[in-house]
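Only one structure is covered here, and it is reproduced in the block below.
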Amino acid sequence: MDNITRCNYEKAYKEAIRRKYQIEKEVGDYSNYLETPSQAHLRDLCWKILSVNPTPDDLKVYWDFKGVPFDKNAEDTSTCYTDKYKKVGAFLRGEKEPQKIDTVDMAAILIDFEPRPFRKFKAKAVCEDLEVYGCKEDLSEMENEQILEVSKTTGMPTYKSAINWLVEKKSIEKKFALLRNVAITAVVCLIGVVIYLALPNKQCMQWSGDHYEIVTCTLKTNGFNSNPVELLDESLVNLKKIDISDNTICFDKNGTATIWYGKTADGIDFFNGHGRHPESNDALKPVTSYILKKYAHRTSAEK
């Protein structure tokens, strides 16, 4: 192990942190911050961690990273400070290698990587089972026990393989949950379509001269009948325009009107019931003796 240079140690440190990050962003206590490691998310997470019993090492890393000591009573959300976490996020995502080790040490704080900072990691790297890309010291004691158990039960040949398997397993579970949600949505939509097709087709009506006709709702108006197609209204579908004669009964035995009328540009139209005028859409009114005397028995040309 004596021939392993500082560069090798730093590479091992970085790889171990990134590997633990893959686990933490999926199942860690702060996965909501780490899944999308934006500058603001990492800044807020750092403040959350250091505000509760920070270690002397973590406080020193913060000072080296920011240039001032940590003060939990003076949260800094300035753009200049927040932008410092851009390099931390790029490192965790594997997009860029940081030039300063304090950036890597800050990443270690955010994912609770042990041992940290780098000087402690390097000191422990003398253990005989160090692998430059898979040292057991990159995880906590409890996590090491979990990963070792996975290695035993799954027959994984190496410790690193067990870690990779666990990360891949979580990814597969996430994809399965997504597919399950898609399948449930598809089934619900299919049921909706079946119910819609099973229901009776909607009926519509259209005014035609002196009465309503039942038509399909997809019927288009044309030059022969420009009246709009409306949804079937049971209270109007039997409405008819009528001509008044001497034999037309306009009032019942109580004197209540049985004929209704509506004014038009040409005069008056009479109907066999109440409702609204099919062409003007105005409410019909009960006929009166005055209206009958003035307008009844006249031809359309006279109206």
Side-chain angles (χ1 to χ4, degrees), residues 31-32 35-36 38 40-41 171-303:
S31 59
N32 55 321
E35 188 173 9
T36 52
S38 65
H41 279 175
S171 177
I172 292 174
E173 289 175 351
K174 201 170 186 179
K175 291 178 181 178
F176 176 77
L178 178 61
L179 290 175
R180 181 186 60 192
N181 292 337
V182 171
I184 292 174
T185 302
V187 170
V188 171
C189 290
L190 181 60
I191 292 173
V193 171
V194 171
I195 292 175
Y196 175 80
L197 295 176
L199 292 175
N201 292 330
K202 290 182 179 179
Q203 289 185 305
C204 288
M205 62 185 187
Q206 184 182 39
W207 184 253
S208 179
D210 60 357
H211 66 285
Y212 278 108
E213 290 186 354
I214 304 298
V215 297
T216 60
C217 294
T218 57
L219 180 68
K220 296 182 179 180
T221 58
N222 51 49
F224 297 102
N225 190 348
S226 59
N227 293 321
V229 175
E230 310 171 56
L231 285 176
L232 183 65
D233 187 336
E234 296 290 346
S235 65
L236 294 176
V237 70
N238 295 316
L239 186 69
K240 292 183 179 181
K241 186 163 63 174
I242 61 174
D243 290 325
I244 301 297
S245 68
D246 293 335
N247 297 323
T248 303
I249 299 175
C250 299
F251 303 94
D252 62 16
K253 62 181 181 179
N254 297 319
T256 302
T258 57
I259 301 298
W260 296 67
Y261 75 96
K263 290 185 177 181
T264 67
D266 298 325
I268 291 288
D269 286 333
F270 294 99
F271 296 87
N272 65 343
H274 63 84
R276 54 180 172 78
H277 196 290
E279 295 172 350
S280 67
N281 210 35
D282 293 332
L284 300 179
K285 299 178 181 180
V287 75
T288 64
S289 298
Y290 171 78
I291 292 296
L292 288 173
K293 183 178 180 180
K294 185 174 180 179
Y295 294 101
H297 315 304
R298 296 169 61 185
T299 64
S300 298
E302 294 173 325
K303 290 182 182 180

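Owing to the predicted nature of the structure, the values given are computational and were not obtained by experimental measurement. What you see below is based on every heavy atom in this structure, not just the backbone, and it leaves out hydrogens, waters and symmetry mates.
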* Asked: Has Lys263 got more than 12 heavy atoms of other residues, nucleotides or ligands less than 6.0 Å from its NZ?
  -> no

* Pairing of Arg276 and Glu230 as salt bridge, 4.0 angstrom limit -> yes

If we only count heavy atoms from C-beta on, is the [X] to [Y] side-chain gap below 4.5 Å?
{"X": "Lys240", "Y": "Asp210", "answer": "no"}
{"X": "Phe271", "Y": "His277", "answer": "yes"}
{"X": "Ile242", "Y": "Ile244", "answer": "yes"}
{"X": "Cys217", "Y": "Leu231", "answer": "yes"}
{"X": "Phe251", "Y": "Ser289", "answer": "yes"}

What's the separation between atom [atom1] in [X] and atom [atom2] in [Y], rounded to the nearest 0.5 Å?
{"X": "Lys285", "Y": "Ile291", "atom1": "NZ", "atom2": "CD1", "value": "8.5 Å"}
{"X": "Thr185", "Y": "Arg180", "atom1": "OG1", "atom2": "CZ", "value": "11.0 Å"}
{"X": "Leu292", "Y": "Ile268", "atom1": "CG", "atom2": "CD1", "value": "10.0 Å"}

Short side-chain to backbone donor-acceptor contact, [X] and [Y], under 3.5 Å:
{"X": "Thr258", "Y": "Ile249", "result": "yes"}
{"X": "Thr248", "Y": "Cys250", "result": "no"}
{"X": "Thr256", "Y": "Asp252", "result": "no"}
{"X": "Ser208", "Y": "His211", "result": "no"}
{"X": "Trp207", "Y": "Gly209", "result": "yes"}

* Asp233 and Ser235: side-chain donor and acceptor closer than 3.5 Å? -> yes

* Looking only at non-hydrogen atoms, find the nearest pair between Met205 and Leu236 and report the distance. => CE-CB, 4.0 Å

* Asked: So among Asp269, Leu239, Asn227, Leu284, which one has a side chain to side chain contact (heavy atoms under 4.5 Å, CB included) with Pro278?
  -> Leu239

* Evaluate the ring planes of Tyr261 and Phe270, with Trp represented by its six-membered ring, and classify them as parallel (under 30°), tilted (30 to 60°) or perpendicular (over 60°). => tilted

